[in-house]
Amino acid sequence: MEMQNNFSLKNYNTFGIEAKARQFIAVHSVTELKTVLEQNKLEKKFILGGGSNMLLTKDIEALVIHIDLKGKKIIAEDDDFVWVESQAGENWHEFVLWTIDQNFGGLENMSLIPGNVGTTPVQNIGAYGTEIKDTFVSCEALSITNQETKKFIKEECHFGYRESVFKNEAKDKYVITSVVFKLTKRNHKINTSYGDITAELAKNSISEPTLKDVSNAVIAIRQSKLPDPKELGNSGSFFKNPILLKSDFEKIHQQFPEMKYYDISETEVKVPAGWLIEQAGFKGKRFGNAGIHKNQALVLVNYGNATGQEILNISKDIQETILSTFGIQIEAEVNVI
Ligand SMILES: Cc1cc2nc3c(=O)[nH]c(=O)nc-3n(C[C@H](O)[C@H](O)[C@H](O)COP(=O)(O)OP(=O)(O)OC[C@H]3O[C@@H](n4cnc5c(N)ncnc54)[C@H](O)[C@@H]3O)c2cc1C
């Protein structure tokens with residue numbers, strides 16, 4: 001465990017933005033994490049996982065603590081289910097592949113999402129009809145102020161669409177150190193409800209998919225649609241899909257009858273932000289060192305030397321245009337630092 005000053009975070013954020021941490025330390029155990037928090041009580045702190053959900057617009061004037069706690073194990077099981085605990089610093093995709101190799105079901109639709117296991121509850125990650133809240137049991141977290149351990153059960157996490165207590169009341173107060181998931185051992189609930197998955201499986205003549213088949217299909221779809229951050233800096237979907245009251249949406253829909261949407265409850269609809277951005281003419285556009293991906297309008301990209309501020313300016317331009325064109329406010333999913 002070595003404290004470093006004025007540390008470049010370029011390789012620690014998937015946008016590949018050059019920004020410095022005033023101080024940086026990687027912790028490899030809960031004991032190390034406790035020590036760092038205790039010894040630096042007065043310092044401002046910033047918790048860093050895989051850096052795949054953040055846009056750094058400036059240097060971080062804080063002690064950046066990189067969570068590198070490793071380990072995963074089965075903590076309980078019965079005939080049907082298994083309870084698996086993973087330390088926060090495990091790579092999410094590797095963890096998902098490990099569960100599939102054991103024939104444990106529940107995470108396969110979230111294959112290839114970047115980042116760490118410990119960050120998955122923060123925005124209740126999700127993809128292809130599944131969210132972390134569907135298999136999440138609890139997580140352990142350390143209080144940043146007094147280093148006490150707190151267990152958050154699912155109900156206390158207030159999970160919503162890309163939302164949780166860790167983005168609200170508990171923000172900047174806790175470091176998640178481990179997460180427990182409840183996965184199926186048999187009678188897996190294979191979810192191929194997303195058309196893309198069905199089509200990908202059909203392409204390979206698979207009619208009764210295994211967990212591995214679903215995971216492979218998701219990986220293939222994601223690789224064909226989303227830029228690999230190692231080749232083109234990005235942070236996945238930059239914006240959340242806006243949720244509107246049906247009564248508000250109906251007025252907008254009259255004006256734009258071609259607008260895509262899907263019902264999420266009796267009173268609300270979700271509008272695909274990517275569709276709005278594409279309609280507003282941003283898809284594939286480049287502005288200097290940054291731009292909007294050519295295949296996926298939700299993804300902003302760094303062509304090499306963009307600053308976080310340049311990308312932030314593009315995101316603001318998009319938000320203003322969507323508001324003035326459609327009267328819809330779209331919010332960033334990515335944490336703007
Ligand atoms: C190509 C690409 C595709 C993506 N696809 C998806 C997708 O399909 N679905 C989806 O939901 N997301 C997606 N994402 C977003 C991202 O992968 C997830 O949000 C991921 O969970 C972020 O994990 P991380 O460890 O990289 O978080 P970081 O970026 O390191 O941190 C994100 C936030 O969480 C805080 N944080 C980090 N670790 C902890 C901790 N241990 N305790 C408390 N707070 C912490 C940080 O301070 C920060 O505010 C994608 C990103 C990329 C680059």
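Both backbone and side-chain heavy atoms feed into the values below; hydrogens, waters and symmetry mates do not. Just so you know, ligand 1 is whichever comes first in the structure, and atom 1 is the first atom listed for that ligand.
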Full working for salt bridge (charged side-chain N to carboxylate O under 4.0 Å, His left out) between Glu163 and Lys133: CA-CA 10 Å; Glu163 277 296 343; Lys133 72 168 171 49; over 6 Å; no
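Atoms of ligand 1 lying under 4.0 Å from any heavy atom of Tyr174, numbered from 1 in the order shown and given with element: 43 (C). Atoms of ligand 1 found under 4.0 Å from any heavy atom of Thr119 (numbered from 1 in listed order, with element): 23 (O), 24 (P), 25 (O), 27 (O), 31 (O), 32 (C), 34 (O), 36 (N), 37 (C), 38 (N). Those atoms of ligand 1 with a heavy atom of Gly236 less than 4.0 angstrom away are 2 (C), 3 (C), 4 (C), 50 (C), 51 (C), 52 (C), 53 (C). Atoms of ligand 1 lying under 4.0 Å from any heavy atom of Ile125, numbered from 1 in the order shown and given with element: 10 (C), 11 (O), 18 (C), 19 (O), 21 (O). Set against the non-hydrogen atoms of Gln123, the atoms of ligand 1 under 4.0 Å away are 10 (C), 11 (O), 12 (N), 15 (C), 18 (C), 19 (O). Interface of Gly126 with ligand 1, defined as ligand atoms under 4.0 Å from a residue heavy atom, comprises 7 (C), 8 (O), 9 (N), 10 (C), 11 (O).
Just one of Phe136, Phe166, Phe152 meets the ring pair (Phe, Tyr, Trp, His ring centres under 6.0 Å) condition when paired with Phe159; it is Phe136.
When atom types are taken as modelled, the side chain of Asn234 and the backbone of Val301 share no donor-acceptor pair closer than 3.5 angstrom.
Considering both main-chain and side-chain atoms, Gly49 comes within under 3.5 Å of ligand 1 through a nitrogen or oxygen pair. Residue-to-ligand polar distances keep Val175 apart from ligand 1: every N/O pair is separated by 3.5 Å or more. Looking at Thr120 next to ligand 1, no N or O pair under 3.5 Å apart turns up.
Grouping the Ile, Leu, Val, Met, Phe, Trp and Tyr side chains by contacts below 4.5 angstrom, directly or via other members, places Tyr261 with Ile330.
Ligand 1 has at least one atom lying under 4.0 Å from a heavy atom of Arg162.
Inspection of the Ser111 and Ser215 side chains reveals an N or O donor paired with an N or O acceptor under 3.5 Å.
Cation-pi geometry between Lys270 and Tyr262 is not met: the NZ or CZ atom fails to fall both under 6.0 Å from the ring centre and inside 45° of the normal.
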